[in-house]
**Q** 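For reference, the structure I am asking about is given below.
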Amino acid sequence: MIAGNRTINYLRISVTDRCNFRCRYCVPSTPFTVIEHEKIARYEEILRIARLACDLGITKIRITGGEPFVRKNIFSFLEQLCAIERLKDISITTNGSLLNREKIERLIALGIKRLNFSLDTLDPVKFGQITGRDRFHQVWDAIMTSHELGINPVKINAVILRGINDDEIETIAALTLKYPFHIRFIEYMPMGDSAVEKQQQVLSEEIKERIESRFQTLKAVIKDSNDGPAKKFRIEGAKGIVGFITPISSHFCSECNRLRLTSRGTLRPCLLNNYEKDIINPLRNGASDDELKDIILSVLSKKPSFHGLTDSSSIKGAPISHMTSIGG
Ligand code: SAM
Ligand code: SF4
């Protein structure tokens with residue numbers, strides 16, 4: 001599928017807006033409701049949309065949420081997803097807290113070789129402060145087990161917030177000296193009404209400077225086709241890679257090859273832009289495959305050239321819903 005001069009081959013599917021964590025940069029600070037069960041896209045509906053998207057040229061799918069592993073029967077859904085022939089690459093973004101050895105082995109047996117974990121601190125107490133849950137050890141064990149079982153690369157997403165975990169930038173980066181992990185520092189995006197203040201945002205340039213100043217060398221690494229928007233570097237002698245995802249300081253919209261399906265069955269051409277189109281209700285009302293494909297293509301035609309959010313955007317009242325409802 002083509003949007004402007006971009007080939008769109010990547011679909012990101014949020015299977016749930018629910019999460020067992022309450023990360024302060026992700027969930028709203030004010031009371032919020034979850035989507036009613038009957039409004040959540042059912043697995044068979046997601047699979048139909050995924051198959052049609054693959055007919056149109058999607059070859060990669062990432063499952064996200066909310067937390068994908070809180071949804072019941074996720075493994076039987078993943079099994080059916082993995083059976084879609086044209087699909088070359090299936091990956092999952094997870095907080096890791098519900099993944100034990102047996103589940104990771106099942107994922108590997110299904111052919112899922114890439115997992116992204118979210119981990120913003122190596123301090124169990126701070127972990128509780130950031131995520132609202134005392135689950136550091138479960139997450140760390142899931143990361144280490146994935147590594148032992150041969151998931152490669154194990155990717156770790158870290159959001160750095162001033163006054164909360166900015167003192168750990170170097171320690172988190174240093175994990176790459178010991179392990180072949182890809183640590184990706186993601187700039188905090190002002191989504192909806194989170195508890196994070198504007199002055200807590202730490203941009204990639206500052207993070208990179210801190211790592212360079214501690215480890216002296218940080219050499220650029222050539223990207224491969226699975227890297228997405230991360231700019232990648234290696235500390236000299238390190239087994240792993242440090243990456244920067246810079247939606248705010250240097251937007252990568254011109255390279256963005258993604259389409260998103262939210263858990264309530266809307267398609268979005270951009271995470272940070274409010275445009276979305278309902279596909280679930282037409283599907284439930286009997287739309288044909290061709291009609292559904294037309295919806296997918298019409299959403300693509302709306303892919304913006306720039307998301308419009310900058311480091312000077314107001315954090316409060318940013319014109320978008322929170323991350324769990326769209327799928328990060
Ligand atoms: N629950 C899973 C997890 O935490 O990995 C998947 C969903 S989560 C929304 C996906 C990614 O979005 C995580 O890596 C998280 O750190 C990131 N994220 C959430 N809110 C964010 C924000 N406001 N700015 C930047 N990244 C954010
Ligand atoms: Fe849940 Fe992931 Fe959001 Fe944290 S970042 S609250 S784990 S969806």
Side-chain angles (χ1 to χ4, degrees), residues 12-29 32 34-35 62-71 74 91-99 114-121 126-136 138-139 142-143 146 154-162 164-165 172 181-198 200-204 207 228-230 243-249 251-252 258 260-263 268 271-272 307 309-311 313-316 318-328:
R12 201 171 265 226
I13 299 175
S14 172
V15 291
T16 180
D17 65 323
R18 288 157 171 77
C19 187
N20 56 337
F21 281 16
R22 289 288 174 269
C23 301
R24 58 167 75 195
Y25 51 77
C26 181
V27 298
S29 55
F32 62 97
V34 289
I35 302 165
R62 173 171 293 279
I63 300 302
T64 183
E67 173 48 40
F69 291 99
V70 301
R71 184 153 178 187
I74 183 80
S91 54
I92 306 177
T93 302
T94 173
N95 65 33
S97 65
L98 301 170
L99 279 181
R114 298 196 301 114
L115 290 177
N116 285 26
F117 293 93
S118 295
L119 183 70
D120 310 304
T121 174
K126 214 185 283 175
F127 184 92
Q129 291 162 359
I130 295 173
T131 65
R133 299 291 182 266
D134 178 18
R135 306 280 290 189
F136 172 81
Q138 286 86 343
V139 175
I143 290 172
S146 301
V154 169
K155 292 191 180 176
I156 297 179
N157 295 343
V159 177
I160 298 296
L161 299 173
R162 203 175 301 288
I164 296 189
N165 59 349
I172 294 173
F181 297 163
H182 288 198
I183 308 280
R184 294 129 48 88
F185 292 99
I186 307 179
E187 286 175 343
Y188 167 67
M189 291 177 274
M191 310 273 303
D193 182 24
S194 91
V196 172
E197 296 297 332
K198 168 78 184 147
Q200 289 178 272
Q201 191 178 53
V202 185
L203 299 182
S204 293
I207 299 174
F244 300 95
I245 301 185
T246 57
I248 302 298
S249 61
H251 72 86
F252 37 79
R258 294 173 189 178
R260 292 169 185 271
L261 178 64
T262 69
S263 51
R268 290 178 79 109
L271 172 68
L272 295 173
H307 57 54
L309 199 67
T310 66
D311 58 350
S313 297
S314 160
I315 281 201
K316 298 292 175 195
I320 32 190
S321 8
H322 62 93
M323 196 76 111
T324 49
S325 74
I326 306 170

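Start at 1 and go down the list; that is how both ligands and their atoms are numbered. In what follows, every heavy atom counts, from backbone to side chain, and hydrogens, waters and symmetry copies are set aside.
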**Q** Determine, considering heavy atoms only, which of Gly96, Pro68, Gly65 sits nearest to atom 8 (S) of ligand 1.
**A** Gly65

**Q** With a heavy-atom distance limit of 4.0 Å, tell me whether Thr93 approaches ligand 1 through its side chain, its backbone, both, or neither.
**A** both

**Q** Where is the tightest heavy-atom contact between Ser204 and Glu187, given as atom of each residue plus distance?
**A** N-OE2, 2.8 Å

**Q** Quick one: are Arg18 and Glu67 in side-chain contact, heavy atoms under 4.5 Å?
**A** no

**Q** I'd like to check whether Ile186 has a polar contact with ligand 1, where a contact means an N/O of the residue lying under 3.5 Å from an N/O of the ligand.
**A** no

**Q** Please confirm whether Gly66 comes within less than 3.5 Å of ligand 1 when only nitrogen or oxygen atoms on both sides are compared.
**A** yes

**Q** Need the ligand 2 atom indices (1-based, order shown) with element for anything under 4.0 Å from a heavy-atom of Cys19.
**A** 1 (Fe), 6 (S), 7 (S), 8 (S)

**Q** Apply side chain to side chain donor-acceptor pair (under 3.5 Å) to Thr64 and Arg12, showing your working.
**A** CA-CA 7 Å; Thr64 183; Arg12 201 171 265 226; 5.5 Å; no

**Q** How long is the span from the CZ atom in Arg260 to the CD1 atom in Ile13, to the nearest 0.5 Å?
**A** 12.0 Å

**Q** Can Ser97 and Asn20 be counted as having a side-chain donor-acceptor contact under 3.5 angstrom?
**A** yes

**Q** With heavy atoms of Asn95 as the reference, note each atom of ligand 1 found under 4.0 Å away.
**A** 2 (C), 3 (C), 5 (O)

**Q** Using distance alone, decide if ligand 1 has a nitrogen or oxygen within less than 3.5 Å of any nitrogen or oxygen in Asn116.
**A** no

**Q** How close do Val159 and Asn165 get, heavy atom to heavy atom, and via which atoms?
**A** O-ND2, 2.9 Å

**Q** Nearest heavy-atom pair of Tyr188 and Ile248: which atoms, and what distance?
**A** O-CG1, 3.6 Å

**Q** Using a 4.0 Å cut-off to any heavy atom of Cys26, which atoms of ligand 1 qualify?
**A** 19 (C), 20 (N)

**Q** Is Ser194 close enough to touch ligand 1? Criterion: a residue heavy atom under 4.0 Å from a ligand atom.
**A** no

**Q** Within a distance under 4.0 Å of any heavy atom of Thr94, pick out the atoms of ligand 1 and give their elements.
**A** 2 (C), 3 (C), 5 (O)

**Q** Can you list the ligand 1 atoms lying under 4.0 Å from a non-hydrogen atom of Val159?
**A** 16 (O), 26 (N)

**Q** Would Gly65 count as a contact of ligand 2 if the rule is a heavy atom under 4.0 Å away?
**A** no

**Q** For side chain to side chain contact (heavy atoms under 4.5 Å, CB included), just list the numbers for Phe117 and Ser146, CA-CA rounded to whole Å, side-chain angles, deciding distance to a tenth of an Å, and then say yes or no.
**A** CA-CA 10 Å; Phe117 293 93; Ser146 301; 3.2 Å; yes

**Q** Grab the two heavy atoms, one from Asp120 and one from Asn157, that are nearest each other, plus how far apart they are.
**A** OD1-O, 3.8 Å

**Q** Of all heavy-atom pairs between Arg135 and Phe127, which one has the smallest distance, and what is that distance?
**A** C-CE2, 3.6 Å

**Q** Provide the number and element of each atom of ligand 1 under 4.0 Å from a heavy atom of Thr64.
**A** 6 (C), 7 (C)

**Q** Hey, does Tyr188 come in under 3.5 Å of ligand 1, counting only N/O atoms on both sides?
**A** no

**Q** State the atoms of ligand 1, each with its element, that fall below the 4.0 Å cut-off from a heavy-atom position in Glu67.
**A** 1 (N), 2 (C)

**Q** Can you list the atoms of ligand 1 that are under 4.0 Å from a heavy atom of Asn157?
**A** 14 (O)

**Q** Restricting to non-hydrogen atoms, name the atom on Ile164 and the atom on Ile130 that form the minimum distance, rounded to 0.1 Å.
**A** CG2-CG1, 3.7 Å

**Q** Do the side chains of Phe69 and Ile92 get nearer than 4.5 Å, heavy atoms only?
**A** yes

**Q** How about Cys26: does one of its N, O or S atoms come closer than 2.8 Å to atom 1 (Fe) of ligand 2?
**A** no

**Q** Taking heavy atoms and a distance under 4.0 Å, where does Val196 meet ligand 1: side chain, backbone, both or neither?
**A** neither

**Q** If you count the atoms of ligand 1 from 1 in the order shown, which ones are under 4.0 Å from a heavy atom of Glu187?
**A** 24 (N), 25 (C)

